[in-house]
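One structure is given here, and the rest of the page talks about it.
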Amino acid sequence: MSEGHPTVTAIDETQSSRPGRTGLERYQPTEIEPRWQARWAELGLYETDLDDSSRPKSYILTMYPYPSGDLHIGHWYIVTPTDALARFHRMHGENVFFPIGFDAYGLPAENAAIKNNINPRDWTMQNIERERKQFRSMGAVFDWRFELVTCEPEFYRWNQWMFLRFLEAGLAYRRMSPVDWCPNDGTLAREQVEGTDRHCWRCGAPVEKRDLEQWYLRTTRYADELLDFHDLDWPEPIRLQQTNWIGRSEGGEIVFTTAPDDHQPGGDELRVFTTRPDTLFGATFMVLAPEHTLVARLTAPERRAEVDAYIARTQTETEIERLSTEREKTGVWLGADAINPVNGERIPIWIADYVLSGYGTGAIMAVPAHDERDFAFARKFGLPIRRVIAPSGSADDEALDDAYIAHTPDEMLVNSGRFSGMSAPDGMRAIVDWLAGDGRAKATVTYRLRDWLFSRQRYWGTPIPVIYCERDGIVPVPDEDLPVRLPEKVDYRGRGENPLNHDEAFLRVACPRCGEPARRETDTMDTFVDSSWYWFRYLSPRMDDGPIDRSLVDRWTPVDQYTGGAEHAVMHLLYSRFWTKAMRDLGLIAQDEPFRRLFNQGQILGADGERLSKSRGNVQDPDHLVARYGADTIRLFLMFMGPWDQGGPWSPTGIGGVHKFLGRVWTIALDPHGREGSGPDAAPLPDGEDAAAAARTIRMAAHRALRVVSTEYAEFKFNTMVAHLMELSNTLLRYRGTEAVDGPAWDEAIDLLLLMLAPAAPHITEELWSRRAAAAGAPPSSIHAQAWPTVDAAAIVDETREVPIQINGKVRDRVVVPVGISQADLEALALGRDKIKTLLNGRTPDRIIHAGGRLVNIVIRE
RNA sequence: GGGCGAAUGGCGGAAUGGCAGACGCGCCGGCCUUAGGAGCCGGUGCCGCGCAAGCGGCGUCAGAGUUCGAGUCUCUGUUCGCCCACCA
């Protein structure tokens, strides 16, 4: 990575900094940090020239924050290690782009507005202003000229433009779907539904389901492509979560028909999706989702009251409850039957909440013998259980205690007419082929992934640019009329309902086609729309003749490194991939994927172990910590706390240790002689070393640290990176006040320490670097413009090594040997040790393991 | 309930299948200081033996397995965290 960069050489010792013997000023971050931040801004040190192609580009992106009011410690936890990484890449000679912006639309602004009768825009913009200041106090390398705020028309205009392209391409469509509904406050978000009785957060009214026309984006069109991660360096758990979320399953769609009875003629098709067509002969009943369109038609008059009551009850349940396999099964019989296409049997049709309308066809054939949920259902309602799969040789009518799901190589079909005796996979193919012959089945693929419901019945979001005309129906707003501006004046009328519904000036519009009075769409877009393409816009945030600058996009994207919380695993990170592919297919960009490399940091929780949120009152204000310790200490402490992908409860305990470390770096960099000074009265070298040995030890410590720290930055192991820098400073501290500090090795080691620390603690290192340069009479230059140093391989070679000697895996002795010792010599040395001889007591080892010279294990069978 | 993770001293945590506990906090002892929420030095997994240098045993959520050797790999279980589609 650091190829072509020169090794840092020691500063000439005669010019090394040598502040007075007394009165080393203390490390005062609150004085240093604002001074350097101002200086960097003045120099334009962090302005990225996007047109500079002389260096390799590096697009480093961290998930932009939602401006909720205050940057809490969690934001620092997300941003500052990423900033360190950006700085690390700059030191490797890359042209780094590290932008920041604000995810400005969203529900909290609206909740605050409703509660306190203020304007969501004012609330949001005030928060952004406060957070800008806080961001600047971190000392991050953000280039603020590229800042982006999603609630500005210059940004959301292009959400609308892209939506219109999606609409043209058939990627956007409308259909009915149920929402949580409060009679007073309209559509509710899940977090606005409270309590087990599911009441409205504002008015307390019971929440019901209501069907509304909603806008969808056809994410399922890309389901298969989204399963392909081959070019992506993403964490395995995230890829797994997305794969499971997409949930591809192959199976068959089987056509059952309804049987005629006293109250309806039958003959309706009932399509079911099953992954197990091989079990068709075991289908002893059918289950429809309560929302299934045929329910009303099939229900027998005498059963209607019970069915309606059941449907009403399921409407108050959440999907998570409905899918629980532990819950007691519920359901009702419709009073109608279906005909199983394989054997012509009449089987009863039930409805039950465990079947969802949104998955497959919203109807299943129930095979209780071979499905856990169907089994529980059949047991509860006394429905027949017929075994159709069994390991060969076992009795085919044996009663089951549980659903038989195991897949063993020798299992075969039983009780399945002419298919009995076939293996399960063969049987599946044969049955589907047979039914497919006359159109009663087809092999299909189903996904758990659903299309993206992206309309919101809310004010504070991007208006969806369509117009409803009595004559022309749904009419897209012409491009030249964009943006459809969100009205700035809001009148909530004391309710949670979308105020656009009552904004006559917004609503009334002439149909773009016929000119007749028409009505604007009042739904707005999901805020995940903004985050689905914002990294393209960062490159040209003020561009006003198109959403993206194609030449910059081609050069700078995909993003090289994205960092953000794992809680976004399946939504933002999937929507972004979908959006990128959709843009590609519209011809807007050439690439398939948004983020080449991804790292998910963990989440910082409150001291109570809960998510940080203002409403919980557990947020930690970093400003007072910055005032007390300085930004560098906070940055370093957050990196030192633990593995970055782990997160955990926030506690500032231990921050003093990190601050102390920086204080020591300050001391050894500026005052290596200490009180005693050097010369005849200097302190003795440790361990009786002579000057040459001390210089070797110092160089070895510094270059070993460099070797490991370089990989730790690159691999996001910031906690051990800091630990290794502490180790180095502890080593150097042992030589403080000795003659060793007058040699070139010392100055080299201090330079390396500062360079390695620079990405993580940018202010103190800049201050020390400039002071040392001044003391050495060198021209001023920023440490952040220096090249990352190169390891001197000669400095880190060891001559001896300590090898543990084990007997049966227990360490019993250690021996120091030359590094190149042969196996035979090492073995002889080990067996010759007094302690080992005593323990062996004359017994002969059965085996001796050498583990590549790292260890000797003498194995004796007792 | 399902998906994805995690579990190591008093605490945060470290450890390519090879010396468990790096680094730091806290605590204990000492130094310095008029003073300290400052600084410096030393000690610190648990239990036992020893005045002591030291010696022995036990130890990575529980239980099984693989291996010369397991915190690490496999299986079973427990507990905790994140996500589950209108919070972002």
Side-chain angles (χ1 to χ4, degrees), chain A residues 26 63-66 68 103 105-108 111 179-180 187-193 214 219 235-245 247 318-327 354 358 448-458 461 526-528 531 565-572 574-575 600 602-603 605 609 611 613 637 640-643 645-649 651 653-658 660-661 663-664 667 674 717 719-720 722-727 730 733 802-806 808-811 814 845-852 854-861:
Chain A
R26 286 186 49 188
M63 292 177 187
Y64 63 174
Y66 178 78
S68 59
D103 188 13
Y105 275 138
L107 192 58
N111 287 348
V179 296
D180 287 325
T187 306
L188 298 181
R190 179 173 306 227
E191 70 165 16
Q192 294 175 321
V193 179
Q214 299 274 18
T219 43
E236 177 66 18
I238 299 292
R239 299 200 311 250
L240 257 176
Q241 276 186 77
Q242 290 205 350
T243 301
N244 292 332
W245 182 259
T318 68
E319 202 169 298
I320 293 169
E321 287 165 357
R322 286 179 62 165
L323 288 173
S324 169
T325 53
E326 291 231 322
R327 260 168 105 227
Y354 75 96
R448 211 181 69 96
L449 180 73
R450 287 173 241 164
D451 282 337
W452 175 5
L453 193 171
F454 92 121
S455 50
R456 298 288 181 269
Q457 287 77 58
R458 310 216 172 279
D526 184 358
T527 59
F528 276 121
S531 55
E567 68 273 18
H568 291 293
V570 290
M571 303 197 58
H572 162 56
L574 200 61
Y575 292 144
N600 288 114
Q603 243 183 338
L605 308 171
R611 246 180 84 168
S613 76
F637 177 64
F640 182 59
M641 272 173 45
D645 55 0
Q646 203 169 289
S651 160
T653 309
I655 199 167
V658 170
K660 196 154 71 177
F661 162 65
R664 288 171 173 180
T667 303
K717 294 179 180 168
N719 57 330
T720 53
V722 176
H724 284 118
L725 293 180
M726 287 175 167
E727 229 168 356
N730 288 344
L733 212 49
E802 190 185 68
V803 177
I805 304 169
Q806 299 180 333
N808 287 343
K810 286 195 176 190
V811 178
R814 293 157 202 288
D846 293 292
R847 210 176 145 185
I848 297 177
I849 308 279
H850 294 90
R854 289 193 309 277
L855 156 151
V856 176
N857 186 14
I858 301 166
V859 183
I860 302 180
R861 288 278 158 257

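We name chains A, B, ... by the order of the sequence lines, and we start the count at 1 in each one. In this text the structure is predicted, and so the values were computed from the model without any measurement.
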Just how far, in rounded Å, is P of rC23(B) from CZ of Arg664(A)? 12 Å
In whole angstroms, the gap separating P of rC4(B) from CZ of Arg239(A) amounts to 14 Å
Of Met641(A) and Pro804(A), the one whose nearest nucleotide on RNA chain B sits closer to the 5' end is Met641(A)
Any non-hydrogen side-chain atom of Met726(A) less than 4.5 Å from a side-chain atom of Val658(A)? yes
Taking O4'-C1'-N9-C4 for purines and O4'-C1'-N1-C2 for pyrimidines, is rG21(B) syn (within 90° of 0) or anti? anti
Applying the Watson-Crick and G-U wobble criteria at under 3.5 Å, what pairs with rG9(B)? Answer none if nothing qualifies. none
Between atom CG of Asp645(A) and atom NZ of Lys717(A), what is the distance when rounded to the nearest 0.5 Å? 10.5 Å
Just checking Gly654(A): base, sugar-phosphate only, or nothing, at a heavy-atom cut-off of under 4.0 Å? sugar-phosphate
Nearest-nucleotide pick for Met726(A), side chain only, options being rC23(B), rC68(B), rC25(B): rC23(B)
In this structure, how many angstroms lie between the P atom of rG12(B) and the CZ atom of Phe637(A), rounded? 12 Å
Pairing partner (Watson-Crick or G-U wobble, both distances under 3.5 angstrom) of rC82(B): rG3(B)
Would you call the rings of Tyr575(A) and Phe528(A) parallel, tilted or perpendicular if under 30° counts as parallel and over 60° as perpendicular? tilted
Distances for protein N or O near nucleotides 5-7 of chain B N or O, under 3.5 Å:
none

If the sugar-phosphate is the primed atoms plus P, OP1 and OP2 and the base is the rest, what is the B/S/- string for nucleotides 83-88 of chain B, using protein heavy atoms under 4.0 Å? SBBBBB
Could you please name the option among rG12(B), rC68(B), rA14(B) that lies closest to any side-chain atom of Val859(A)? rC68(B)
Roughly how far, to the nearest 0.5 Å, is the OG1 atom of Thr653(A) from the CE atom of Met641(A)? 10.5 Å
Arg327(A) side-chain N/O to rG1(B) phosphate OP1/OP2 under 4.0 Å: no
With rounding to the nearest 0.5 Å, note down the distance linking CE in Met63(A) to NE2 in His572(A). 4.5 Å
Within a strict 4.5 Å, meaning less than it, do heavy atoms of the Arg664(A) and Asn730(A) side chains meet? yes
If I pick the P atom on rU76(B) and the same atom on rC87(B), what distance separates them, to the nearest angstrom? 35 Å
Any strand counts, and the cut-off is 3.5 Å on both contacts for Watson-Crick or G-U wobble. Which nucleotide pairs with rC49(B)? rG54(B)
Between rA70(B) and rG18(B), how many Å separate the two C1' atoms, rounded to a whole number? 10 Å
Using OP1 and OP2 only, check whether a side-chain N or O of Lys810(A) sits under 4.0 Å from rC58(B). yes
Write down the distance between CG (Leu855(A)) and C1' (rG69(B)), rounded to a whole number of angstrom. 8 Å
Rounding to the closest angstrom, what is the interatomic distance between rG5(B) and rA53(B) at atom P? 48 Å
So, OP1 or OP2 of rA14(B): does either fall under 4.0 Å of a side-chain N or O from Lys717(A)? no
To the nearest 0.5 Å, atom OG1 of Thr219(A) lies from atom CG of Asp451(A) at 4.5 Å
Whichever of Asn244(A) and Ala723(A) has its nearest RNA chain B nucleotide further upstream toward 5': Asn244(A)
Mind checking the C1' distance from rG13(B) to rA6(B)? Whole angstroms is fine. 14 Å
Let me know the distance between CG of Asn730(A) and P of rC40(B), rounded to the nearest Å. 10 Å
Say we look at rA62(B) and rU78(B): how far apart would their C1' atoms be, to the nearest angstrom? 7 Å
Taking pairing as Watson-Crick or G-U wobble with both contacts under 3.5 Å, can you name the mate of rA20(B), or confirm there isn't one? none
If I pick the P atom on rG37(B) and the same atom on rC28(B), what distance separates them, to the nearest angstrom? 14 Å
Do Asp180(A) side-chain atoms and Arg190(A) backbone N/O form a donor-acceptor pair below 3.5 Å? no
Assess whether a salt bridge exists between Glu319(A) and Arg322(A), defined as any Lys/Arg side-chain N lying under 4.0 Å from an Asp/Glu carboxylate O. no
So, applying side-chain contact (heavy atoms from CB on, under 4.5 Å) with Gln806(A), which one of Val856(A), Val859(A), Ile858(A), Asn857(A) is it? Asn857(A)
Base paired to rG29(B) (Watson-Crick or G-U; both N/O distances under 3.5 angstrom): rC41(B)
Starting at CG of Asn600(A), measure out to CD of Glu567(A) and round the result to the nearest 0.5 Å. 8.0 Å
What is the nucleic acid contact for Ala851(A), judged by heavy atoms within less than 4.0 Å: base, sugar-phosphate only, or nothing? base
Taking CG from Leu733(A) and P from rC23(B), how many angstroms apart are they, rounded to a whole number? 14 Å
Of the listed nucleotides (rA14(B), rC23(B), rC40(B)), which one gets closest to any side-chain atom of Pro643(A)? rA14(B)
If the P atom of rU72(B) is compared with that of rG24(B), how far apart are they to the nearest Å? 27 Å
Can you tell me how far the OG1 atom of Thr527(A) sits from the CZ atom of Arg456(A), to the nearest 0.5 Å? 7.5 Å
With both distances under 3.5 Å as the test, what is the Watson-Crick or G-U wobble partner of rA64(B)? rU74(B)
Using the C1' atom on both, measure rG43(B) against rA35(B) and round to a whole Å. 27 Å
Starting at atom CZ of Arg854(A), determine the distance to atom C1' of rG69(B), rounded to an integer number of angstrom. 12 Å
How many Å lie between NE2 on His724(A) and C1' on rA15(B), as a whole number? 10 Å
